[in-house]
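Worth knowing before you read on, the calculation uses all heavy atoms, side chains too, and leaves out hydrogens, waters and symmetry mates. Both ligands and their constituent atoms are indexed starting at 1 by order of listing.
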Amino acid sequence: QWRGVIREYADRLPVTEATKVITLGEGGTPLVHAQKLSELTGSEVYLKVEGMNPTGSFKDRGMTMAMTAAVEAGAKAVVCASTGNTSASAAAYATAAGLKCAVLVPEGKISMGKLSQAIAHGATLLQVDGNFDNCLDIARKLGEAYPVFLVNSVNPARIQGQKTGAFEVVDTLGDAPDIHVLPVGNAGNISAYWKGYKEYSAPFETTNGTLPAVSTKTPVMWGFQAAGAAPFVAGHPITEPDTIATAIRIGNPASWETAVAARDESGGLIEAVTDDEILAAHRWLSAKEGVFVEPGSAAGVAGLIKKHAAGEVPSGKTIVITVTGHGLKDPQWALRTEDGSDVQPVKVPNDVVTVAAELGLE
Ligand SMILES: Cc1ncc(COP(=O)(O)O)c(/C=C/C(=O)C(=O)O)c1O
């Protein structure tokens, strides 16, 4: 029985036997072999399907640690800024911890699925007249000046929890992949994966002894941003980020330094993909691999397809792509055809013969 991220990796996390663990069973997500992407690239491509976490995104890995830290600090209320998934996760884990939760989201730029989760869990949700970066600025000031505990990924507990994604990849594959690909927004996740891969590839000091290295190497990190919200590509913050992938509609990443370190220390890259490429990858996953993700989650897959088209994906390698959020978070995109028109439902009479004919059955 999977016991949640903290209990499964306690000897590599800043917790003790006495820590009261707040968990909803996060982690232990599927590593799915992507048959069609493997055929396309000539490498073995796997998808780390983080939409299978309790609130439907990778944020739960970090939130179990952040909410556990909030309880340990005696907090009564937590706050976060979010493009949606962090707020959904914070609301659920705050409920599990018995804490009040305030979430700040950019007005009109949060998907219905994520909004419904924050409301369902009773969070106080404020739609700020601004973008995510404005929300994060306010949340940080609230955490500094008021008795609320900030659970955004500027809180190191979040990065500690999210590094377990890398541990699971190595534990499943038997070693680190050659390339790890993922979307980049606020850049906490690329920073966390790099931290996890580095820790797992070397002896790890703990209070009761040294843990041996688990992997023989670290992967090259490939991050992908939406072209309209690509500060790492521009080399500076973007004041008016814009993309249909609202999850990664972020112009001033909080984890700038650690993301640049992950890119450069690993010999990797952070590049951009267009909204059309993101939507094409979103459809590729649904139609060819059987995996349903929200658009922003597909940015890594869009990047791999783009790099392959440019002849820059090596064959014969092992490649892992983290797909970060479930498709149900933003189902409108699956109900729209490639030309943007709505998918029309097919209506049939209540009659098996007509239905059989409609299905082309003899
Ligand atoms: C589906 C999905 N995919 C990728 C990202 C980018 O991860 P980071 O680069 O670690 O920010 C997010 C980020 C969401 C928020 O930042 C938020 O919820 O406030 C996401 O929801």
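Residues Glu50 and Thr29 have side chains that bring a donor and an acceptor to within less than 3.5 angstrom of each other. For the 3.5 Å distance criterion, the side chains of Asp276 and Thr274 fail to qualify, holding no donor opposite an acceptor.
Counting non-hydrogen atoms of other residues, nucleotides and ligands closer than 6.0 Å to CG of Asp129 gives a total of 12 or fewer. Within a 6.0 Å sphere centred on NZ of Lys76, heavy atoms belonging to other residues, nucleotides or ligands number 12 at most. Shown here is Glu240, whose CD atom has no more than 12 heavy atoms of other residues, nucleotides or ligands within 6.0 Å. Other residues, nucleotides and ligands contribute at most 12 non-hydrogen atoms within 6.0 Å of the CG atom of Asn350.
By the 6.0 Å and 45° rule, Arg12 stacks over the aromatic ring of Phe204.
Of all protein heavy atoms, the one lying nearest to atom 7 (O) of ligand 1 is Phe58 CZ, 3.4 Å. The protein heavy atom nearest to atom 5 (C) of ligand 1 is Ile248 CG2, 3.6 Å. Among protein heavy atoms, the minimum distance from atom 13 (C) of ligand 1 is reached at Lys59 NZ, 3.1 Å. Of the protein's heavy atoms, Ala247 CB, 3.6 Å lies nearest to atom 20 (C) of ligand 1. The single protein non-hydrogen atom nearest to atom 2 (C) of ligand 1 is Thr324 OG1, 3.3 Å, given as residue, atom name and distance. When only non-hydrogen protein atoms are considered, atom 18 (O) of ligand 1 lies nearest to Thr86 N, 2.8 Å. In terms of protein heavy atoms, atom 11 (O) of ligand 1 is closest to Asn186 N, 2.7 Å. Among protein heavy atoms, atom 21 (O) of ligand 1 sits closest to Asn85 ND2, 2.8 Å.
Two residues are said to be in side-chain contact when any heavy atoms from C-beta on lie closer than 4.5 Å; Glu39 and Lys288 fail this criterion. Under the 4.5 Å side-chain criterion, counting only non-hydrogen atoms from C-beta, Glu8 is not in contact with Thr164. Side-chain contact check for Leu47 versus Val293: every heavy-atom pair is 4.5 Å or farther apart.
Checked by distance only, ligand 1 and Ser82 come closer than 3.5 Å through their nitrogen or oxygen atoms. Between Gly188 and ligand 1, at least one pair of N/O atoms sits closer than 3.5 Å. Geometrically, ligand 1 and Ser297 share no nitrogen or oxygen pair separated by less than 3.5 Å. Checked by distance only, ligand 1 and Gly185 come closer than 3.5 Å through their nitrogen or oxygen atoms.
Taking both residues in full, the closest heavy atoms of Ser153 and Ser255 are given as O-OG, 4.3 Å, listed atom of the first, atom of the second, then distance. When all heavy atoms of Ala70 and Leu99 are compared, the pair lying nearest together is CB-CD1, 4.0 Å.
Side-chain atoms of Ser341 never come within 3.5 Å of backbone atoms of Thr337 as a donor-acceptor pair (strictly under, hydrogens ignored). A donor-acceptor pair is defined here as one N or O able to donate and one able to accept, closer than 3.5 Å; such a pair exists between the side chain of Glu289 and the backbone of Lys36.
Close contacts of ligand 1 with Glu294, meaning ligand atoms under 4.0 Å from a residue heavy atom, involve 1 (C). Residue-ligand proximity, Val184 to ligand 1, at heavy-atom distances under 4.0 Å covers atoms 9 (O). Ligand-side atoms of ligand 1 in range of Phe132: 19 (O), range being under 4.0 angstrom from any heavy atom. If you number the atoms of ligand 1 from 1 as listed, the ones under 4.0 Å from a heavy atom of Gly84 come out as 18 (O). Counting atoms of ligand 1 from 1 in the listed order, those under 4.0 Å from a heavy atom of Ile250 are 16 (O).
By the criterion of a heavy-atom distance under 4.0 Å, neither the backbone nor the side chain of Ile190 is placed next to ligand 1. The residue Gln162 has no part lying near ligand 1, judged by heavy-atom distances below 4.0 Å. Contacts of Ala187 with ligand 1, taken as heavy-atom pairs under 4.0 Å, involve the backbone alone. Neither the backbone nor the side chain of Leu182 has any atom closer than 4.0 Å to an atom of ligand 1 (non-hydrogen atoms only).
Gly296 does not count as a contact of ligand 1, since none of its heavy atoms falls under 4.0 Å from the ligand. Not a single heavy atom of Asn152 sits under 4.0 Å from any atom of ligand 1.
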